[in-house]
Amino acid sequence: MHLKNFQSPVEFSLTNYYLKGEPVINQTRKTKDLTGIFQDQKAYESLYPEQLIYSVQAWMPVPEGTPGGLFFGVSTIMPGKVGNEYFMTKGHFHSKSDRAEFYWGLKGKGMLILMDLNRNTWAEEVCPGSLHYIGAHIAHRLANTGDENLVVGACWPSDAGHDYDEIAANGFSARLVEVDGKPRLT
Ligand code: PAN
Ligand code: ZN
C-alpha cells in the first residue's frame with residue numbers, strides 16, 4: 001500500500017477568486033474583441049478598445065475534446081454598460097450541444113441569460129452562493145448588473161467545446177438592459 005500526500009497542482013483562492021498553479025489558462029475579452037455583441041453601436045464605439053470587459057481563467061486538466069473529462073473555470077465580468085445594456089459575455093452553445101454545465105455565483109451581482117433551441121430566452125439571478133444548472137442545448141451568457149466585479153465559477157465537460165457562431169449571427173432573442181435603474185429582459 002502507498003500512503004503519500006500529494007498536493008493538487010492548481011489552487012482556487014476563496015479570498016480573491018484566483019486560480020493559481022499549472023496548467024491554468026488566462027483569457028481576456030476587451031471592448032475590441034466584442035464587436036457586434038452589444039446593441040448600441042455608437043455607445044460601443046465610444047468605449048476605449050483596450051478596456052477589459054471580462055476575463056476567464058480555466059484549469060483544463062485534459063486536452064480540449066477529451067471525452068469524460070471536466071474543466072473548471074472562473075469568469076470575472078467588470079461592472080459597466082454599453083448604452084443601457086450591461087457588460088456581458090459573448091455567450092455560446094456548446095459545440096457538442098447536448099453537454100451541460102454548472103455555474104455558481106461567487107461575488108457580485110448579475111444575471112445568467114439562457115436561451116433554448118426555440119429561441120425562448122430567460123434569466124436567473126446570480127449572487128454569491130447561487131447555483132445554476134445549464135442543461136443540454138441551452139445557450140448561456142453572463143451579465144454584470146451590479147457595481148463591482150461579478151465572479152462566477154463554472155464546470156463543464158472537456159468535450160463540450162464552444163460554438164460562438166450561432167450567437168454571433170443571431171444573438172439571443174432578448175437583451176438585458178437597465179430600465180428605471182433595474183435589469184430587464186427586453
Ligand atoms: C464559461 C464561459 C465564460 C466566458 O467558462 O466560457 O463565462 O463566456 P464566453 O465563452 O461566452 O465568452 C463557459 O460557459 N464555458 O463553457
Ligand atoms: Zn459553456
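Numbering of ligands and ligand atoms starts at 1, following listing order. For the single chain, residues carry numbers from 1 onward in sequence order.
Geometrically, ligand 1 and R29 share no nitrogen or oxygen pair separated by less than 3.5 Å. The distance criterion of under 3.5 Å between nitrogen or oxygen atoms is met by G91 with respect to ligand 1.
A donor atom on one side chain and an acceptor atom on the other are found under 3.5 Å apart for H140 and H92. Checked by atom type, the side-chain pair T121/S173 shows a donor-acceptor distance below 3.5 Å. Between the side chains of N84 and E178, no donor-acceptor pair is found at a separation under 3.5 Å. Checked by atom type, the side-chain pair Y44/T35 shows a donor-acceptor distance below 3.5 Å.
Only side-chain heavy atoms of H140 come within less than 4.0 Å of ligand 1; its backbone N, CA, C and O stay farther off.
The hydrophobic clustering, which links ILVMFWY residues whose side-chain heavy atoms are closer than 4.5 Å, places V82 and Y86 apart.
The shortest separation from a heavy atom of Y103 to ligand 1 is under 4.0 Å, placing the residue in contact.
No other N/O/S atom of E101 lies as close to the Zn ion (ligand 2) as OE1 does. Distances from the Zn ion (ligand 2) to each N, O or S atom of H92 single out NE2 as the nearest. Within H94, the N, O or S atom at minimum distance from the Zn ion (ligand 2) carries the name NE2.
In this structure, the protein non-hydrogen atom closest to atom 12 (O) of ligand 1 is Y54 OH, 2.5 Å. At the shortest separation from atom 13 (C) of ligand 1 among protein heavy atoms lies E101 OE2, 3.0 Å. With respect to atom 2 (C) of ligand 1, the closest heavy atom belonging to the protein is H92 CE1, 3.7 Å. Among all protein heavy atoms, the one lying closest to atom 8 (O) of ligand 1 is T89 CB, 3.5 Å.
Every atom of ligand 1 is numbered from 1 in the order shown, and the set under 4.0 Å from a heavy atom of Y164 is 9 (P), 10 (O), 11 (O), 12 (O). Atoms of ligand 1 found under 4.0 Å from any heavy atom of V56 (numbered from 1 in listed order, with element): 3 (C), 4 (C). For ligand 1, the atoms sitting less than 4.0 Å from at least one non-hydrogen atom of H94 are 16 (O), numbered in the order shown with element in parentheses.
In this structure a side-chain-to-backbone donor-acceptor pair under 3.5 Å is present from R119 to N170.
For F72 and W104, the ring centers sit closer than 6.0 Å to each other.
Taking the side chain as every heavy atom from C-beta outward, L114 and F172 never approach each other to under 4.5 Å.
For the Zn ion (ligand 2), the set of nearby N, O or S atoms under 2.8 Å includes one belonging to H140.
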F93 and L117: CA distance, side-chain angles, deciding distance, side-chain contact (heavy atoms from CB on, under 4.5 Å) verdict: CA-CA 10 Å; F93 287 96; L117 290 172; 3.8 Å; yes

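No more than 12 heavy atoms of other residues, nucleotides or ligands lie within 6.0 Å of CD in Q7, so this atom counts as exposed by the packing criterion.
Among P157, S75, C155, the residue whose heavy atom sits closest to atom 7 (O) of ligand 1 is S75.
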